[in-house]
Amino acid sequence: MSETPTRPRVLSGMQPSGESLHLGNYLGALVNWVKTQDDYENLFFIPDMHAITVPQDPVELRGRTRRTAAQYIAGGIDVAKSILFLQSHVPEHAQLAWVLNCITGFGEASRMTQFKDKSAKGGQEMASVGLFTYPVLMAADILLYRPVGVPVGDDQRQHVELARDLAKRFNHRFGDTFTVPEPFIQKEGARIYDLQNPTAKMSKSASGPNGLINLLDEPKVTAKRIKSAVTDTGTVIAHDRENKPGVTNLLEILSTLTDTPVGALVDGYQGRMYGHLKADVADAVVARLEPIRARTLELLDDPAELDRLLAHGAAKAREIASVTLADVYNKVGFLPPLGTVA
Ligand code: ATP
Ligand code: LTN
């Protein structure tokens, strides 16, 4: 295997599928990526090719992709420490995906639960072949860079498992090529729930906007949504996911933002009302998100600079990806193009 990184490598990405990232994406994913920046060699990318597995308006997609990149940076991804790039800027992703498609079983791909869920929504006939091979492209995203770990939410565990299986299968058939990556799954506390429906996870595709906190919302909208969050019957502030999901969600948000154990927060709220908790959560969320929003808008004001940063990231990513792809092409038996050495 060529080209060993000095620090262990991790890689992750979030689709540019919404108007803005939300608090769940931020606390469940981005914050953890930011934390790993000093311990690992990091690659963070925007899977825009995955986004078109379902229909996208081209103008919207361009806007969302830039907005997502700006939010990664404003949220703490330091382009001096991490490689930040767009998937579509690195053609090796699609090239490796083709090779991996050819060692993936049809039945194996059919068992992916995300495909089953997403295709069930519009009916199997409407689902694209791209949606079907989505996990194989994701395996290519990962394996190209030979990371040791992939920090993702629990919902992505099955996809990382497929990447592991394909890495092992390829290595077995063609000789040692890929690192078998570990899923780095965040613990349960990192899950943020919908403010209006606190038993469902906060999600871009939630039924209504009021349960969602977007990074790019105006601070007063954010504060209002938190103050109107559904709480539970009774008046006692307690951490009880079963019986008090609304209050529990607010406590967990506050605990994550203030780095205070939930138990200590609960003690501090003895004898106080839900309204006090909501006001504190609103203050903490606004205080954290406001600078991120401001920085995002600033970055979006200069799209040329943002595009330059992304081009720089893509060039660095390609340095790694091209080495892996050449190795793979050689191992499967493709003749090298004229003028190159095998
Ligand atoms: P969709 O609504 O399309 O399912 P989403 O809002 O759930 O999207 P994804 O793009 O699927 O977000 O996820 C991006 C990352 O954010 C993943 O690592 C995922 O685990 C994390 N994430 C998403 N929602 C939450 C949440 N409510 N709490 C914690 N982490 C979350
Ligand atoms: N499917 C992931 C996004 C994604 C990804 C990846 C994450 C695409 N390729 C490679 C980690 C590694 C999602 O929906 N969050």
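Position 1 is the first residue of the sequence, and the numbers go up from there. Counting starts at 1 for both ligands and their atoms, following the listed order.
- One finds no salt bridge joining R295 and E290 here, because no Lys/Arg side-chain nitrogen approaches an Asp/Glu carboxylate oxygen to under 4.0 Å.
- Of all non-hydrogen atoms in N25 and K204, the two that sit nearest each other are OD1-NZ, 4.2 Å.
- Atom 19 (C) of ligand 1 has its closest protein heavy atom at D155 OD1, 4.1 Å.
- Considering both main-chain and side-chain atoms, Y193 never comes within under 3.5 Å of ligand 1 through any nitrogen or oxygen pair.
- Under the 4.0 Å criterion applied to side-chain N and carboxylate O atoms, D307 and R66 are assigned as salt-bridge partners.
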Assess whether ring pair (Phe, Tyr, Trp, His ring centres under 6.0 Å) is satisfied between F115 and F106, documenting all intermediate values. CA-CA 13 Å; F115 172 73; F106 193 84; 9.2 Å; no
Using the side chain to side chain donor-acceptor pair (under 3.5 Å) rule, take S82 and Q37 through it: C-alpha gap first, then chi angles, then the decisive distance, then the call. CA-CA 7 Å; S82 298; Q37 276 188 120; 2.9 Å; yes
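- Atom 17 (C) of ligand 1 has as its closest protein heavy atom G153 N, 4.3 Å.
- Scanning the protein for heavy atoms near atom 23 (C) of ligand 1, the closest one is N25 ND2, 3.3 Å.
- For a threshold of 3.5 Å applied to N or O pairs, the pair formed by I192 and ligand 1 contains at least one separation below that value.
- Some N or O of G24 is nearer than 3.5 Å to an N or O of ligand 1, by distance alone.
- Protein heavy atom closest to atom 1 (P) of ligand 1, with residue, atom name and distance, is S205 OG, 3.5 Å.
- Of all the atoms in ligand 1, the ones that sit under 4.0 Å from a non-hydrogen atom of M202 are 24 (N), 25 (C), 26 (C), 27 (N).
- In summary, R7 and E41 do not engage in a salt bridge, as defined by a charged side-chain N under 4.0 Å from a carboxylate O.
- For D194 and K201, the salt-bridge test fails: no basic side-chain N is under 4.0 Å from an acidic carboxylate O.
- When each atom of ligand 1 is checked for a heavy atom of G28 under 4.0 Å away, the hits are 29 (C), 30 (N).
- Cation-pi geometry between R241 and Y193 is met: the NZ or CZ atom falls under 6.0 Å from the ring centre, inside 45° of the normal.
- The contact shell of ligand 2, taken as protein residues with any non-hydrogen atom closer than 4.0 angstrom, comprises L11, S12, G13, Q15, F45, P47, H50, Y134, M138, D141, I142, V150, V152, Q156.
- Taking a cutoff of 4.0 Å between a charged side-chain nitrogen and a carboxylate oxygen, E108 and R169 qualify as a salt bridge.
- The protein atom (non-hydrogen) at minimum distance from atom 15 (C) of ligand 1 is M14 CG, 3.6 Å.
- At the shortest separation from atom 29 (C) of ligand 1 among protein heavy atoms lies A190 O, 3.1 Å.
- Note on residues 16-36: pairs passing salt bridge (charged side-chain N to carboxylate O under 4.0 Å, His left out), not counting sequence neighbours, are E19-R64, E19-R67.
- Placement of L21 and V221 in two distinct hydrophobic clusters is found when ILVMFWY residues are connected by side-chain heavy-atom separations under 4.5 Å, directly or transitively.
- Nearest residue to atom 10 (O) of ligand 1 from R191, Q114, K204, E252 is K204 (criterion: closest heavy atom).
- Every N/O-N/O distance between V152 and ligand 1 stays at or above 3.5 Å.
- Close N/O approach between S17 and ligand 1 is not found [any backbone or side-chain N/O within under 3.5 Å].
- At least one N or O atom of K201, backbone or side chain, sits closer than 3.5 Å to an N or O atom of ligand 1.
- For D57 and R62, the salt-bridge test fails: no basic side-chain N is under 4.0 Å from an acidic carboxylate O.
- Any N or O atom pair closer than 3.5 Å counts here, and H22 shares at least one such pair with ligand 1.
- Under the 30°/60° scheme for interplanar angles, the aromatic rings of F44 and W33 are found to lie parallel.
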Verify ring pair (Phe, Tyr, Trp, His ring centres under 6.0 Å) between F85 and H312, making sure each step is shown before the conclusion. CA-CA 8 Å; F85 65 101; H312 177 72; over 10 Å; no
